[in-house]
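Everything quoted here is computed from the prediction, not taken from an experiment. These numbers come from the heavy atoms of this one structure, side chains and all, not from hydrogens, waters or symmetry mates.
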Amino acid sequence: MIDEGYIKFDCQWTESPPLPATQIDCLNQWRSHLYDRHLIGAYPDGIGFGNISQRYESLRFIISGSATGNLPQLDERHYSLVTAFDLDLNRVECQGPIKASSESMSHAVIYQQLPNVQAVFHIHSLAMWTHFIDKLPTTDPSATYGTPEMATEIIRLLNESQLARHEKCFVMGGHREGIIAFGDSLDEAGANLLRYYDQLPNK
């Protein structure tokens with residue numbers, strides 16, 4: 001059974017009105033594109049997978065909400081604004097009509113470590129995961145999704161490999177099917193992801 005969809009950090013959520021639709025329009029277009037390619041979606045048991053985010057300002061970012069991967073179409077009601085996070089306390093603070101994604105901690109450390117990054121995509125693809133594990137930068141298999149250990153592994157990769165300057169895409173070794181790509185814009189994050197997806201022999 002795939003361990004997916006459950007928030008593993010202390011989620012400090014303040015329910016509030018959604019951001020204006022114009023704030024999430026481009027982000028949501030990319031989300032729909034990834035959903036159409038089955039890189040975001042749901043397993044047969046209904047558990048959703050995949051999430052997508054965009055920097056809002058400083059270390060705050062907009063991210064698709066928890067348990068939205070199974071929905072064919074999202075709108076402003078399905079996005080949350082992460083306003084703060086604390087790796088040591090395993091805590092994420094967010095606001096909006098829905099709780100932030102269970103992968104928010106992983107997105108957060110990328111925005112923290114790389115000030116130029118404006119977008120982070122987390123998708124699921126068994127074909128990509130199998131093909132690129134240990135070929136692309138890969139997190140330690142002992143680090144599971146949504147945990148401080150995973151966030152710490154991401155920081156290690158950013159410091160010890162060419163990930164930040166070259167690949168801009170990595171495999172989550174302890175999160176079966178999990179792939180993360182990022183970029184200085186939404187379009188660059190998408191291009192960095194699809195550059196590797198298109199290399200698959202039987203995609």
Side-chain angles (χ1 to χ4, degrees), residues 18-41 48-65 68-83 94 96 98 100-125 127-129 131-132 135-139 151 154-155 157-158 161-172 175 177-200 203:
L19 292 163
T22 53
Q23 292 275 1
I24 59 97
D25 184 53
C26 292
L27 180 65
N28 204 36
Q29 287 179 30
W30 263 106
R31 192 272 178 187
S32 295
H33 184 54
L34 297 175
Y35 184 91
D36 290 344
R37 286 179 176 249
H38 308 292
L39 299 174
I40 290 177
F49 59 82
N51 40 74
I52 183 171
S53 72
Q54 181 178 21
R55 192 188 294 270
Y56 184 70
E57 59 182 12
S58 187
L59 293 182
R60 304 203 296 171
F61 59 94
I62 305 165
I63 191 167
S64 49
T68 61
N70 61 315
L71 301 176
Q73 297 289 331
L74 302 190
D75 59 35
E76 62 271 22
R77 298 168 299 171
H78 301 114
Y79 288 86
S80 182
L81 178 64
V82 172
T83 55
C94 62
I98 194 169
S101 164
S102 58
E103 272 293 355
S104 293
M105 190 74 76
S106 297
H107 291 245
V109 294
I110 295 172
Y111 289 121
Q112 179 191 58
Q113 297 294 310
L114 302 176
N116 290 333
V117 165
Q118 296 298 314
V120 178
F121 295 174
H122 168 225
I123 60 93
H124 278 206
S125 167
M128 283 187 72
W129 193 86
H131 185 77
F132 287 111
K135 296 177 183 175
L136 285 174
T138 301
T139 60
I154 294 170
I155 294 171
L157 288 183
L158 291 171
S161 72
Q162 295 297 309
L163 174 60
R165 294 172 293 280
H166 181 55
E167 296 95 349
K168 298 185 179 181
C169 183
F170 64 92
V171 176
M172 307 173 87
H175 182 32
E177 302 189 13
I179 304 285
I180 286 183
F182 53 86
D184 293 354
S185 67
L186 286 164
D187 287 346
E188 184 184 282
N192 290 335
L193 174 65
L194 297 178
R195 170 162 51 109
Y196 293 105
Y197 177 78
D198 289 341
Q199 293 178 30
L200 295 178
K203 62 180 182 296

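Every residue meeting the side chain to side chain contact (heavy atoms under 4.5 Å, CB included) condition with Ser161, not counting sequence neighbours, appears here in chain and number order: Pro137, Leu157, Leu163. Here Gln29 pairs with Asp25 under the side-chain hydrogen bond (donor to acceptor under 3.5 Å, both in side chains) rule; sequence neighbours left out. Applying the side chain to side chain contact (heavy atoms under 4.5 Å, CB included) criterion to Tyr35, with sequence neighbours excluded, gives Arg31, Ile40, Pro72. Every residue was checked against the side-chain hydrogen bond (donor to acceptor under 3.5 Å, both in side chains) condition with Asp184, not counting sequence neighbours, and none meets it. Partners of Gln162 by side-chain hydrogen bond (donor to acceptor under 3.5 Å, both in side chains), not counting sequence neighbours, listed by chain and number: Arg165. Applying the side chain to side chain contact (heavy atoms under 4.5 Å, CB included) rule to His38 yields no partners; only residues at least two apart in sequence or on another chain are considered. Taking Tyr79 as the reference, nothing meets the ring-ring contact (aromatic ring centres under 6.0 Å, His included) condition, with sequence neighbours excluded. In this structure, Arg55 has no salt bridge (charged side-chain N to carboxylate O under 4.0 Å, His left out) partners at least two apart in sequence or on a different chain. With sequence neighbours excluded, the residues forming a ring-ring contact (aromatic ring centres under 6.0 Å, His included) with Phe132 are Tyr196, listed by chain and number. Applying the side-chain hydrogen bond (donor to acceptor under 3.5 Å, both in side chains) test to Asp75 and every residue at least two apart in sequence or in another chain returns Arg77, His78. Scanning for ring-ring contact (aromatic ring centres under 6.0 Å, His included) contacts around Trp129 gives an empty result, with sequence neighbours left out. Every residue two or more places apart in sequence or in another chain was checked for a ring-ring contact (aromatic ring centres under 6.0 Å, His included) with Phe182, and none qualifies.
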